[in-house]
Amino acid sequence: MADFFDQMCRVIAETEARRPGSLSPGPEVEALFAAAPRPSPATSAAPAAPRSPEAAPVPAAGTLDALRDMLADCRRCPLARGRTHLVFGEGNPRARLMFIGEGPGFDEDRTGRPFVGRAGQLLDRMIAAMQFTREEVYIANVVKCRPPDNRAPAPEEAACCLPFLKRQIDLVRPEVIVLLGAVAVKYLLDTTTGIMKMRGKWTHYENIPVMPTFHPAFLLRQEAAKREAWQDLQQVMARFGKFHRR
Ligand code: URA
């Protein structure tokens with residue numbers, strides 16, 4: 001079956017051809033999307049905070065490998081207790097484009113790799129539609145251990161991991177960061193403004209242009225939102241001089 005985002009590009013191009021000047025793909029695009037259920041959010045309470053955010057200074061690791069080593073047997077927060085593998089992140093250490101998600105899910109915890117489950121497969125298609133390869137980009141998460149039941153990380157858990165994510169960003173120094181979903185927006189940008197307002201608008205983290213967009217897992221269950229996500233991604237493509245093929 002043809003790639004989903006490629007199909008979307010084609011439909012958008014055809015729709016634009018019929019309606020010159022419009023970027024709106026119309027109902028044809030939505031018809032391409034199959035909504036999928038996601039594990040329900042956890043109702044269990046977040047574990048107690050083991051330490052304050054101040055207790056986690058920005059690590060001084062000089063390389064991504066050194067940073068990974070610093071996390072090898074991490075016990076800084078209760079998420080460590082439930083993990084099978086810590087999911088450090090992966091990709092080109094000199095990537096021009098970096099994606100930041102929320103935290104590992106079941107498949108990532110099992111394999112130790114970010115975005116390898118269903119959301120990851122959609123992210124792969126999004127990356128390909130942007131005319132990048134997964135090997136070219138860098139993919140990381142706010143937290144590096146799986147929150148139970150795929151719940152959002154608690155603030156204390158995010159606070160423990162955030163210095164490591166920030167160091168990862170410093171070391172990769174991408175030209176553009178794409179934030180995937182509300183959790184990445186909240187913690188990296190330190191904002192309470194929700195993803196619905198933030199998405200599609202350029203902002204900055206440490207002078208690096210940042211494009212917030214929807215999380216692939218959200219896109220799997222909210223098919224209509226894929227059109228907006230694609231518009232967000234096209235803004236990122238344009239920064240790199242890439243435009244979808246017509
Ligand atoms: N969702 C995320 O936010 N990150 C992953 O690595 C996988 C799913």
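Everything quoted here is computed from the prediction, not taken from an experiment. Read the numbers this way: they start at 1 and go in the same order the structure lists the ligands and their atoms.
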Novice: Is it possible for you to check whether Lys242 lies under 6.0 Å from the centre of the six-membered ring of Phe132, through NZ or CZ, and within 45° of that ring's axis?
Specialist: yes
Novice: So if I count the atoms of ligand 1 from 1 in the order they appear, which ones are less than 4.0 Å from some heavy atom of Pro114?
Specialist: 6 (O)
Novice: Taking atom 4 (N) of ligand 1 as the point of reference, which of Asn141, Asp107, Leu122 owns the nearest heavy atom?
Specialist: Asn141
Novice: Would a line drawn from the ring center of His215 to the ring center of Phe115 be shorter than 6.0 Å?
Specialist: yes
Novice: In terms of the angle between their ring planes, are His244 and Trp230 parallel, tilted or perpendicular, with boundaries placed at 30° and 60°?
Specialist: tilted
Novice: Say whether His215 and ligand 1 are in contact under the criterion: heavy-atom distance to a ligand atom below 4.0 Å.
Specialist: yes
Novice: Can you find a non-hydrogen atom of Gly117 under 4.0 Å from ligand 1?
Specialist: no
Novice: Atom 3 (O) of ligand 1: which of Arg118, Glu90, Arg113, Glu102 has the nearest heavy atom?
Specialist: Glu102
Novice: For the pair Glu90 and Arg134, find out whether any cationic side-chain nitrogen is under 4.0 Å from an anionic carboxylate oxygen.
Specialist: yes
Novice: Polar-atom distance check: Phe115 versus ligand 1, any N or O pair below 3.5 Å?
Specialist: yes
Novice: Show me which atoms of ligand 1 lie under 4.0 Å from any heavy atom of Gly101.
Specialist: 3 (O)
Novice: Can Asp232 and Arg199 be counted as an ion pair, charged N to O under 4.0 angstrom?
Specialist: yes
Novice: Salt bridge check: are Glu157 and Arg151 linked by an N-O gap of less than 4.0 Å?
Specialist: yes
Novice: Can you find an N or O of Gly103 that's nearer than 3.5 Å to an N or O of ligand 1?
Specialist: yes
